[in-house]
Amino acid sequence: MPTVAIKDEMSIFDNSTQEMQFKYPELFWALFLLLIPIFIHLFQLRRFKKTPFTNVKFLKKVVSESRQSNTLKKWLLLFTRMLLLAAFIFAFAQPFFAEKSALKQKETVIYLDDSFSMQLKEEGTTLLENAVQELIKKLPKEERFSLFTNTKTFRNNTIQDIQNELLALNPGNRQLKLNEIYLKGKTLFSADNATNKNLIILSDFQQLMASSQMDSFQNISSHWVALRGGEVKNVAIDSAYIESETSENLNLLVNLSGSGDIENIPVSLFNGEKLIAKTSASFNDSKNGTASFSIPKNEAFDGKIEISDSGLTYDNLLYFSIGKKEKIKVLAIGDAQNRFLSRIFTKDEFVFTTTELRNLNYSNLVNQHLIILNNLQQIPSSLTTSLKAFTDNGGHLIIIPAADIDLNSYNLLTSNYASTTFLQKVRDEREITNISFSHPLYQNVFEKNVTNFQYPKTSEFYKIKTGAPTVLAFQGNEPFLVGGKSFFLFTTSLSIQNSNFINSPLVVPTFYNMAVGSLKLAPLYSVLGQPVSIDVPTSLAQDDILKLKKGDYEFIPQQQSLSNKVSLSFNESLQEDGSYAVLQNEKPIKNISFNYNRKESNLSYLNVTEQKMASTSTSISSLFESIEKDNSVTELWKWFVILALALLFIEVLIQKYLK
C-alpha cells in the first residue's frame, strides 16, 4: 500500500545518504561482452599490400609512421567501443538515485481532527475545511491509504473513494487524546514489519489532547501537522444556573469566558424561538463575564441563550428547560412525634406523609419514591416483603433503628441489601468524625474537605457487617451511616436522648440528598457525553416506550419502566445538542435539554516543536512537498543512452579523421 514519508528538513536535501541503485542489476552479466572488442582488436589478422618503392629509406620512414598512427587509432577505437557497449548495458540496467525509504513497501494512516476546535477560521474557511481541501489537492489520486477521524474510519481507500465523505464532515464533540490516536492508528497498519509505516496527524493539538503516558510504537514513524487559525479569539457560554428565586421569578445567571482580545458582548435569551430579553456581558481581567435574566417562576420555559461570536460557533448557544416541578413523595413509618423530617421535606419540593406502623396502608407503598423506617423496634415480615418489592421496583429505603430493636426482624430485611446484618449494641459515646466527601451523597455539598467541624455524637450504636460503602463513620471507623443508590442505613437511633445528629449541619444535606436521589428530576440541562440518569414520573403500559424528539429527529433512550416512574439513561449515544420533548404515546409530557461540553472552548495548545516523538510541519502543503522530495527517484538511464550516442559519434570521427 503506497504511503508517504517525512524527515528532518536538513536531511531532505542531503543526498549523501543516497547511493546509485539499479532496477535490473542482473543485466551486468552482459559486461562480459566487452571481451568481444578486445578479441577483435588484439587478434584480428592483418593483410599487407606490396608497394614498389625506389628509395628504401623513404619506405622505412613511411612504415614507422603508419605503425604509430594505427596503434593510436586502434586503442582509441577499442576504448570507445568498450565504453559504448558499457553505456548501453548500464542504460538497460536502469540506474537511479533514491533514499532507502523510497524503495520499501509503504503504508500510510492519516488522522484528521474533526473536533469543535477545528471550527476556527483562517482566510474565511474553517481549519477542517482547509485540511480536507489540501488533502484532496496533495494526495496522489491512485495512492491507497487509511484515514480516521474522531468518529469515522476509512480503510485502504484512495482520495477519490472518500472525497465526498470528507467534504461532508462536520465538527463534532468528540476529541481523541494522543495515546488514543496512536492506538487507533496502530490497528489500521498491517502486521508486516518489513513495510515502512507512517502515521500523519492533522490537528490543532489542543492541550486537552495531551496524554500522561504514551506507549512506544516500534516501526511506526509519526508526523504532526499543527493547524492553527489566523486569530485565536473566542467567547463561550460556559454555564447557566438558577442563582436565586422569589415568589414570582427565578434569577438565571449565565457565565461566559473568553480567549484573546475580547470586549463586551450582547447576550440574548429566547423562550423557544421568541426573544425574551437581551443584555450585555462585561469581562474582567481574567476574561470571565456574567449576564443575568429574570424568568417567570411558575411557567414552563424552553430556554435558549445565544451570543454572536466569530470564533468557535458550537459554544455560542446554551439550551435549558424549566418545566412543572415534580414533587418527591416521601413516607415516614414509625415515630410520628419526631418532627425533624417534616422540617427538611418542605411542601414546595416534597409530598411528605408520616404514619405509625399500626395505621400503615400497605397499598400506599407502591406510590412512594422514598420510604423511611423511623425508630421501629420490630419490623413485621409482611412489611419486609412489601419493602423488598418496593425497592425492586425502583423505590428507595432509609432505615433509622430504635434504641432497642429486634435483631432478627431487622436482619431479615437488611440482609437483602449488600448482605447487611446487625451484630450487637455498643454502649459507648462516640463522635462522628469521618465524612466520605467522595460519596455521591455529598457531591457538590462541600467546597473543600472540612477539618474544623463541630462533630455530632451518639451515646450508643449497633455494630454491623455490610458490603455497602460507608458515608459517615465514628472514631475508629465504625460506620454511622452506610449505603448507596436505593438503600441507606443508620446504625443508631436519631432520638434526641441518644444523638444530637438531627441538630447538626449535616442532617439537612444528608436527608435532602437521599430524598432527591429517589427521583432524579431533570436538571436545568445536561452535558452530552457524560452519563446522566433522569426519572420521568409516569407509568407505562406493556410494550410502551418513551422517546425524545427535536424537530424531525427522534431518539429512543435506554429506559427502565418502574412502578411509578421511568428511568431514562443517557451516555454517548445522543450526539446533538438542543431541547428535546419527551413523548409518551406521541404526546409531550416534558422537555429536557442537552448541551455540548465546553472543554474545547479554552484555546490553549501544545508546543509541538518541543516534542521528540514525531517530525513536525506547519502546513499540509509543506508536508507533502517534503514527502515528494524524500520519495523521489532520479532515473539515470537516459544519460547513459546519451553517453552511448556520443561515443558512437566519437567513433565515427576517429574512423574518418584519424589516418
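- A salt bridge links Glu460 to Arg427: one of the charged nitrogens lies within less than 4.0 Å of a carboxylate oxygen.
- Ile371 contributes atom CD1, which lies 11.0 Å from atom NE2 of His369 (distance to the nearest 0.5 angstrom).
- Side-chain contact, Thr391 with Tyr417: a donor N or O sits under 3.5 Å from an acceptor N or O.
- From Asn591, atom CG reaches atom NZ of Lys550 across 12.0 Å, with rounding to the nearest 0.5 Å.
- Screening Val235, Asp315, Leu317 against Ile307 for a side chain to side chain contact (heavy atoms under 4.5 Å, CB included) leaves a single residue, Val235.
- Between Glu478 and Arg430 no salt bridge is recorded (no basic side-chain N to carboxylate O distance below 4.0 Å).
- Looking at every heavy atom in both residues, Ile556 comes nearest to Lys547 through CG1-CB, 4.0 Å.
- Ring centroid separation for the pair Tyr319 and Phe594 does not come in under the 6.0 Å cut-off.
- Contact detail for Val516 and Ile328: the closest heavy-atom pair is CA-CD1, 3.7 Å.
- A donor and an acceptor atom, one from each side chain of Asp535 and Ser567, are located under 3.5 Å apart.
- Taking a 6.0 Å sphere around CG of Asp348, one finds it holds more than 12 heavy atoms contributed by other residues, nucleotides or ligands.
- The closest side-chain heavy-atom distance from Ile333 to Leu365 is below 4.5 Å.
- At distances below 3.5 Å, not a single donor-acceptor pair connects side-chain atoms of Lys590 with backbone N or O atoms of Ile322.
- A distance-only check finds no donor-acceptor pair linking the side chain of Ser504 to the backbone of Asn500 [under 3.5 Å].
- A distance-only check finds no donor-acceptor pair linking the side chain of Asn513 to the backbone of Tyr442 [under 3.5 Å].
- Checked by atom type, the side-chain pair Asp113/Ser203 shows a donor-acceptor distance below 3.5 Å.
- Within a 6.0 Å radius of CD1 in Ile496, no more than 12 heavy atoms belonging to other residues, nucleotides or ligands are found.
- To the nearest 0.5 angstrom, Ser561 atom OG is 10.5 Å from Leu568 atom CG.
- Between Phe345 and Phe511, the angle of the ring planes goes over 60°, which puts this pair in the perpendicular group of the 30/60° scheme.
- Inter-residue side-chain proximity for Leu183 and Glu180 is flagged as unmet; no heavy-atom pair is nearer than 4.5 Å.
- The shortest side-chain heavy-atom distance between Ser499 and Lys457 does not fall under the 4.5 Å cut-off.
- The closest side-chain heavy-atom distance from Phe270 to Glu306 is below 4.5 Å.
- No donor-acceptor pair under 3.5 Å is formed between the side chain of Gln560 and the backbone N or O of Ser569.
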Inset, instruction - Assess whether salt bridge (Lys or Arg N to Asp or Glu O under 4.0 Å) is satisfied between Asp404 and Lys425, documenting all intermediate values. - result: CA-CA 9 Å; Asp404 294 301; Lys425 180 187 285 189; 2.5 Å; yes
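- For Phe490 and Phe461, the distance between ring centers is not under 6.0 angstrom.
- Side-chain contact between Val471 and Thr510: absent, with no pair of heavy atoms (C-beta onward) separated by less than 4.5 Å.
- Val582 is listed as a side-chain neighbour of Ile592, based on a closest heavy-atom distance under 4.5 Å.
- When side chains are defined from C-beta on, Asn255 counts as touching Tyr241, because their heavy atoms get closer than 4.5 Å.
- Here Gln558 contributes atom CD and Leu574 contributes atom CG; the two are 13.0 Å apart, rounded to the nearest 0.5 Å.
- A search for side chain to side chain donor-acceptor pair (under 3.5 Å) contacts involving Glu349 returns Tyr512, not counting sequence neighbours.
- Listed here is the closest heavy atom pair of Phe474 and Asn434: O-ND2, 3.3 Å.
- Scanning both residues, Ala403 and Asn375, for their nearest heavy atoms gives N-OD1, 4.0 Å.
- Side chain of Asn150 to main chain of Leu176: a donor-acceptor pair is present (N/O by atom type, distance under 3.5 Å, no hydrogens or angles).
- The side-chain heavy atoms of Tyr605 and Phe205, taken from C-beta on, include no pair separated by under 4.5 Å.
- None of Asn251, Thr279, Leu269, Val267 except one satisfies the side chain to side chain contact (heavy atoms under 4.5 Å, CB included) rule with Ser292; the exception is Asn251.
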